[in-house]
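Accompanying notes for the structure given below.
Every value quoted in this text rests on a predicted model; they were computed, and no experiment measured them.
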Amino acid sequence: MFYAGIILLLVFVVPIFVKKVFHLGSVLGIVIALSLIFSSYTRMILYALFNSPVQSFIKIMLVLLIALFIIETYMMIIYALKKPGNDGLLIVLGCKKGSDTLNNRIKKAYAYLADHPQSLAIVSGGVDSHDNVSEAEYMKEQLVKMGIDEDRIYEETRSEDTKENIRYSLELIDKHQLVGPFILVTSGFHIYRARLIALREGMVVSSLASRTPLLLLPGYYLRELLALSAHMIFK
């Protein structure tokens, strides 16, 4: 258990220093790793919990949580593997400018737009706290540099999360009378939740999954499990 914990700790700590990526998934991964490293103390805590007056409730909740995570993982994989149709309107979801994650989404959008010259795209993402250039502006600039005509690209520059990505993109679609089919472009781990949000906003979509760097995948996967669980339970 100790060595497994050390390996797992490296998996979640290395991206923090190498890629400067730190989020809730990183925290959860580090907590799991430390629980393995200090497994004797973890067993003591678990023993105390499972022998407490609420042990039945804890066991049921733990089983339900594991089942939920398994179902979510299955759905994330299935939807990441689905292929979109032809000549759709892309909605490219933003994230941190300059990150490998966003650049891979841009590359995926470019490949589709290059293969489907009649297709248009909405690049969606607002301004972060570091500068005045929105994620949408950054994505459009990169696509134009790659050779996509700027007239094929619409910018949505107000959104701060996935829900707003979808909602404000819908406003652009109505404003410019754009037509589908609609295709979400985002990271594979994010596609299932993004599609659920789109459906809740009244948009039927297919999706196009971009690659996530292997070094970053464990942390993003854990973070997405938490976000997806919160969406299913509280939304």
Side-chain angles (χ1 to χ4, degrees), residues 15 18-25 80 84 87-191 193-195 197-198 200-203 205-213 216 219-220 223-224 227:
V18 175
K19 295 291 187 178
K20 311 300 182 187
V21 173
F22 182 74
H23 46 69
L24 187 57
D87 297 326
L89 171 66
L90 299 186
I91 302 173
V92 191
L93 305 187
C95 58
K96 183 180 179 181
K97 295 194 304 290
S99 66
D100 292 340
T101 302
L102 183 57
N103 288 336
N104 284 338
R105 294 180 189 182
I106 294 169
K107 291 174 184 177
K108 200 71 177 181
Y110 166 75
Y112 185 93
L113 291 170
D115 289 341
H116 302 83
Q118 302 303 314
S119 292
L120 305 175
I122 294 174
V123 287
S124 177
V127 177
D128 61 28
S129 58
H130 301 293
D131 56 49
N132 293 321
V133 179
S134 69
E135 295 165 4
E137 291 173 279
Y138 173 83
M139 288 188 280
K140 181 175 181 178
E141 179 183 357
Q142 298 306 309
L143 287 170
V144 170
K145 284 181 179 179
M146 293 175 177
I148 302 301
D149 190 329
E150 64 178 345
D151 291 337
R152 298 173 62 190
I153 306 170
Y154 295 83
E155 296 178 50
E156 183 287 296
T157 60
R158 295 184 293 157
S159 58
E160 297 182 359
D161 56 31
T162 305
K163 184 176 181 179
E164 290 183 354
N165 286 146
I166 303 299
R167 181 168 294 175
Y168 296 149
S169 293
L170 274 171
E171 291 181 6
L172 268 183
I173 289 169
D174 292 338
K175 177 181 178 180
H176 296 284
Q177 298 183 327
L178 304 175
V179 296
F182 304 116
I183 302 171
L184 292 181
V185 181
T186 188
S187 305
F189 65 84
H190 184 230
I191 276 180
R193 183 164 62 92
R195 289 181 64 149
I197 292 171
R200 186 176 291 273
E201 293 294 319
M203 176 186 281
V205 298
S206 57
S207 49
L208 191 59
S210 65
R211 186 182 65 86
T212 301
L216 302 178
Y220 278 132
R223 187 183 72 171
E224 189 62 20

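Taking the side chain to side chain contact (heavy atoms under 4.5 Å, CB included) definition, one finds that Leu172 meets it with Ile122, Tyr154, Glu156, His176, sequence neighbours left out. Judged as a side chain to side chain contact (heavy atoms under 4.5 Å, CB included), and not counting sequence neighbours, the contacts of Glu164 are Ser159, Glu160, Asp161, Tyr168. With sequence neighbours left out, the salt bridge (Lys or Arg N to Asp or Glu O under 4.0 Å) criterion links Lys107 to no other residue.
Contact detail for Leu93 and His190: the closest heavy-atom pair is CD1-CE1, 3.7 Å. The minimum heavy-atom distance between Thr101 and Ser187, with the atom names listed, is CG2-OG, 3.2 Å. Nearest heavy-atom pair across Val92 and Ala109 is CG2-CB, 3.8 Å. Between Leu102 and Lys97, the closest heavy-atom pair is CD2-CA, 3.8 Å. The minimum heavy-atom distance linking Ala80 with Ala209 is given by the pair O-CB, 3.4 Å. The minimum heavy-atom distance between Asp87 and Pro181, with the atom names listed, is O-CD, 4.0 Å.
With values rounded to the nearest 0.5 angstrom, Thr212 atom OG1 is found 10.0 Å from Asp100 atom CG. Taken from OH in Tyr110 to CG in Asn103, the straight-line distance is 15.0 Å, to the nearest 0.5 Å. Note: Ser207 OG to Ile91 CD1 = 11.5 Å, rounded to the nearest 0.5 Å. Taking CG of Leu120 as the start and CD1 of Ile173 as the end, the distance is 10.5 Å to the nearest 0.5 Å. To the nearest 0.5 Å, the span separating NZ on Lys108 from CD1 on Ile183 amounts to 12.0 Å. Atom CE of Met203 sits about 3.5 Å away from atom CG of Leu170, to the nearest 0.5 Å.
One finds no salt bridge joining Arg167 and Glu171 here, because no Lys/Arg side-chain nitrogen approaches an Asp/Glu carboxylate oxygen to under 4.0 Å.
Panel note: side chain Ser134, backbone Glu137; a donor-acceptor pair is recorded below 3.5 Å. In this structure a side-chain-to-backbone donor-acceptor pair under 3.5 Å is present from Arg105 to Gly94. In this structure a side-chain-to-backbone donor-acceptor pair under 3.5 Å is present from Asn104 to Arg211. Proximity of a side-chain donor or acceptor of Lys19 to a complementary backbone N or O of Pro213 within less than 3.5 Å is not detected.
With hydrogens and angles left out, the side-chain atoms of Ser124 and Asn165 include a donor and acceptor closer than 3.5 Å.
For CG of Asp115, the number of neighbouring non-hydrogen atoms (other residues, nucleotides, ligands) closer than 6.0 Å is greater than 12.
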Side chain to side chain contact (heavy atoms under 4.5 Å, CB included) evaluation trace for Ile166 with Leu184: CA-CA 9 Å; Ile166 303 299; Leu184 292 181; 3.6 Å; yes

Intermediate values then yes/no, side chain to side chain contact (heavy atoms under 4.5 Å, CB included), Leu113 and Met146: CA-CA 11 Å; Leu113 291 170; Met146 293 175 177; over 6 Å; no

Intermediate values then yes/no, side chain to side chain contact (heavy atoms under 4.5 Å, CB included), Val185 and Tyr112: CA-CA 10 Å; Val185 181; Tyr112 185 93; over 6 Å; no

